[in-house]
Amino acid sequence: MQNIHIFDTTLRDGEQSPGVNLNQLEKLEIARQLERFGVNVMEAGFPASSQGDFEAVRTIARTVRNVSIAGLSRATKNDIDTSWEALKEAEAPRLHLFIATSPIHMTYKLKKSPEQVTQLAVDMVRYAKAKFPQIEWSAEDASRSDLDFLVQIIEKVIDAGATVINLPDTVGYATPAEYGRMFRYVKENVRNIDKAILSAHCHDDLGLAMANSLAAIENGATQVEGTINGIGERAGNAALEEFAVALGIRKDQFPFSTGLNLKEIKRTSDLVRKLTGMPIAPNKAVVGQNAFAHESGIHQDGVLKHPQTYEIINPSMVGIESNELVLGKHSGRHAFKEKIERLGFSLTEEKSEEAFRQFKSLTDRKKEVTDEDLFTILTDIQTAVSDVKKYELLAYQVQSGSINLPTATVALTTPDGMRTETARTGKGPVEALYNTLEALIKEEIHLTKYQLSSVGQGRDALAEVHVKMIVNELPVSGRGSSHDVLEASAKAFLNAVNRVFYGQTTKVLQTANS
């Protein structure tokens with residue numbers, strides 16, 4: 001079976017999703033999980049877009065050793081040089097260099113002729129080749145480009161040193177027949193195509209990203225690009241977990257393989273969902289909450305008699321197991337440490353002790369502690385930033401009811417170490433709490449989104465809150481979890497505000513691409 005390389009762009013194209021803003025530790029945690037998942041290439045970011053993104057890409061390049069680390073670059077020497085500085089310590093550094101090739105992009109965005117675009121592409125690939133051993137060149141908006149022009153420019157950039165040719169459906173416009181035909185035409189007409197890998201990068205604006213990705217590999221592509229949970233700009237990218245499972249289930253139609261560890265799908269999906277704050281639709285393929293649920297009586301009867309009557313994917317194939325309640329209030333540190341390792345976390349001694357303390361606190365209030373609960377605790381601790389000045393919650397109290405005016409009292413420590421407290425009212429308890437926090441914090445704050453969900457099921461489930469805010473004109477996101485909805489809300493609010501002090505906000509400039 002032919003092997004398909006997997007190029008993951010969750011940390012670059014995925015992070016370009018509106019409202020998603022990962023700090024350096026969060027990016028690193030996702031990167032480590034993508035390494036466990038088994039991707040071949042990881043696009044860690046766009047180094048020239050901001051200092052924060054540069055630092056995050058450099059940290060990932062220094063840390064993750066079993067995956068080729070890529071950085072995005074426009075066709076400018078400054079972008080290429082910045083990407084090299086971020087990636088030069090990687091085990092297998094790769095530059096992802098792009099320039100638009102469609103008539104509409106060349107005319108209105110680049111304001112260049114096809115000849116000028118070709119010359120710029122060749123010059124920049126040749127310049128980058130002096131630094132990078134691997135160069136992926138992308139023809140932005142390839143699916144709306146003239147095929148003969150694509151053939152000409154591809155031949156020239158391969159001669160200049162490009163080792164991967166990416167033909168993205170940048171705006172999700174192509175149909176599977178059109179997209180597949182483009183790859184076949186390039187494969188048959190580019191004289192030196194044997195010197196490069198053909199790659200597919202599909203967006204989901206018309207819901208065709210998965211179908212187009214499959215059409216590409218049927219017509220000569222040997223690399224597929226996508227994101228976890230299909231996140232990305234506008235309607236998102238091809239979902240890598242769906243692509244991998246489709247190849248696994250339908251080997252009769254798609255005689256291809258990947259090196260992905262499918263049992264890591266659920267954990268990878270959960271981690272990306274939690275850290276990005278982007279919920280997964282219950283009916284989403286492979287990882288949605290209802291993907292393996294059967295409510296219809298006919299379906300339930302069939303599954304009980306034989307699972308494959310209505311269940312073509314075994315849940316264990318993607319790492320979905322029943323939550324065994326193996327830890328409780330009498331569990332010790334040794335058992336807890338083993339559980340941490342089983343869940344795929346590697347914590348420092350200090351963070352491990354903090355996780356154990358929070359676990360013990362949880363068992364005092366929640367009789368049944370599930371893997372989902374532990375995953376939430378461990379993720380929060382692993383991605384927490386320490387040794388920085390920030391606002392910290394000391395105490396809060398909220399009074400509310402059908403005949404009372406909701407009132408919140410909050411005490412905080414400020415970044416300069418001072419204690420401050422006050423009280424405010426609101427139309428509801430959360431608004432009262434947030435009005436009070438705003439009154440205590442000097443920064444200019446505008447809340448744009450508040451999202452509440454539960455971790456697991458039952459009345460004693462943990463609450464998880466995600467918020468999106470504008471703090472001092474900078475878009476940030478925050479998250480918090482607790483048994484108490486109001487405490488989770490306060491934690492999420494402060495987590496967002498404190499990101500301004502972390503100096504790790506990575507998404508400042510988003511201009512690109514495929």
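- No donor-acceptor pair closer than 3.5 Å links the side chain of Asn290 to the backbone N or O of Asn283.
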Evaluation steps, side chain to side chain contact (heavy atoms under 4.5 Å, CB included), between Val287 and Val318: CA-CA 8 Å; Val287 293; Val318 297; 5.9 Å; no

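- Side-chain atoms of Arg479 and Thr383 form a donor-acceptor pair, as typed in the model, at a separation below 3.5 Å.
- Side-chain contact of Glu218 with Gln253: a donor-acceptor pair under 3.5 Å is absent, judged by distance alone.
- Judged purely by atom type and a 3.5 angstrom limit, Asp53 uses its side chain to pair as donor or acceptor with the backbone of Phe46.
- The side-chain tip of Arg267 points at the ring of Phe345 from less than 6.0 angstrom away and within 45° of straight on.
- For the residue pair Thr170 / Asp141, no side-chain donor-acceptor distance below 3.5 Å is found, with atom types taken as modelled.
- Under a 4.0 Å N-O distance rule, the pair Glu26/Lys274 does not qualify as a salt bridge.
- The shortest side-chain heavy-atom distance between Val224 and His5 does not fall under the 4.5 Å cut-off.
- Within a 6.0 Å radius of CD in Glu341, other residues, nucleotides and ligands contribute more than 12 heavy atoms.
- For the pair Ile217/Thr222, no side-chain contact is recorded, criterion being any heavy-atom separation below 4.5 Å from C-beta on.
- A cation-pi arrangement is found for Lys77 relative to Tyr127, the charged atom lying closer than 6.0 Å to the ring centre and inside a 45° cone about the ring normal.
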Side chain to side chain donor-acceptor pair (under 3.5 Å) evaluation trace for Thr9 with Glu225: CA-CA 7 Å; Thr9 184; Glu225 307 187 5; over 6 Å; no

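- In this structure, the side chain of Asp205 does not engage the main chain of Ala235 through any donor-acceptor pair within 3.5 Å.
- Other residues, nucleotides and ligands contribute more than 12 heavy atoms inside 6.0 Å of the OH atom of Tyr185.
- Defined by atom type and a distance below 3.5 Å, a donor-acceptor pair is present between the side-chain atoms of Asp13 and Asn237.
- Of the possible polar contacts, one joining the Ser68 side chain to the Ala92 backbone as a donor-acceptor pair under 3.5 Å is found.
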Salt bridge (charged side-chain N to carboxylate O under 4.0 Å, His left out) evaluation trace for Asp169 with Arg144: CA-CA 8 Å; Asp169 184 26; Arg144 295 193 294 174; over 6 Å; no

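- At a threshold of 4.0 Å, the pair Glu85-Lys88 counts as salt-bridged, since one of the basic side-chain nitrogens sits closer than that to a carboxylate oxygen.
- Side-chain contact, Gln16 with Glu233: a donor N or O sits under 3.5 Å from an acceptor N or O.
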Step-by-step side chain to side chain contact (heavy atoms under 4.5 Å, CB included) determination, Ile197 to Ile165: CA-CA 6 Å; Ile197 291 171; Ile165 300 297; over 6 Å; no

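- Between the side chain of Thr227 and the backbone N or O of Ile231 there is at least one donor-acceptor pair closer than 3.5 Å.
- Heavy-atom minimum distance, Ile280 versus Lys284: CG2-CD, 3.7 Å.
- A salt bridge does not link Glu35 to Arg65: none of the charged nitrogens lies less than 4.0 Å from a carboxylate oxygen.
- A distance of 7.0 Å separates CZ of Phe7 from OG of Ser199, quoted to the nearest 0.5 Å.
- Taken from NE2 in His201 to OG in Ser213, the straight-line distance is 9.5 Å, to the nearest 0.5 Å.
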Candidate pair Asp380 and Ser481, rule side chain to side chain donor-acceptor pair (under 3.5 Å), full reasoning: CA-CA 8 Å; Asp380 285 344; Ser481 57; 2.8 Å; yes

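- Using modelled atom types and a 3.5 Å distance limit, the side chains of His96 and Glu43 yield a donor-acceptor pair.
- By the 4.5 Å heavy-atom criterion applied to side chains, Leu95 and Gln134 are not counted as neighbours.
- The distance between the ring centers of Phe132 and Trp84 falls below 6.0 angstrom.
- Here the shortest heavy-atom pairing between Val64 and Ala31 reads CG2-CB, 4.0 Å.
- Inter-residue side-chain proximity for Gln451 and Val467 is flagged as unmet; no heavy-atom pair is nearer than 4.5 Å.
- With hydrogens and angles ignored, the 3.5 Å screen pairs no side-chain donor or acceptor of Gln223 with any backbone N or O of Ala200.
- Put simply, the side chain of Glu241 gets close to the backbone of Asn229: a donor and an acceptor are under 3.5 Å apart.
- With salt bridges taken as basic N to acidic carboxylate O contacts below 4.0 Å, one links Glu464 and Arg273.
- Side-chain N or O atoms of Asn212 include none that pairs as donor or acceptor with a backbone N or O of Cys202 at under 3.5 Å.
- Looking at heavy atoms from C-beta onward, Gln382 lies in side-chain contact with Leu347 at the 4.5 angstrom threshold.
- Proximity of Asn23 to Arg499: side-chain heavy atoms (C-beta onward) are separated by under 4.5 Å at one or more points.
- Checked by atom type and distance alone, the side chain of Ser17 pairs as donor or acceptor with a backbone atom of Gly14 at under 3.5 Å.
- Heavy atoms of other residues, nucleotides or ligands lying less than 6.0 angstrom from CD1 of Ile104 number 12 at most.
- A side-chain donor from one of Asp159 and Asn192 sits under 3.5 Å from a side-chain acceptor of the other.
- Using a 3.5 Å distance cut-off with no hydrogens or angles, the side chains of Gln119 and Asp123 do pair a donor with an acceptor.
- In this structure, the side chain of Lys27 engages the main chain of Leu11 through a donor-acceptor pair within 3.5 Å.
- The existence of a salt bridge linking Arg58 and Glu89 is excluded, since no basic side-chain nitrogen approaches an acidic carboxylate oxygen closer than 4.0 Å.
- Side-chain contact check for Glu178 and Thr175: at least one donor-acceptor pair (N or O, by modelled atom type) lies under 3.5 Å.
- Of the N and O atoms on the side chains of Thr76 and Asn78, not one donor lies less than 3.5 Å from an acceptor on the other residue.
- For the residue pair Ser143 and Tyr179, the shortest heavy atom distance occurs at CB-CD1, 4.5 Å.
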Evaluation steps, salt bridge (charged side-chain N to carboxylate O under 4.0 Å, His left out), between Asp81 and Lys131: CA-CA 9 Å; Asp81 291 341; Lys131 303 175 185 290; 3.6 Å; yes

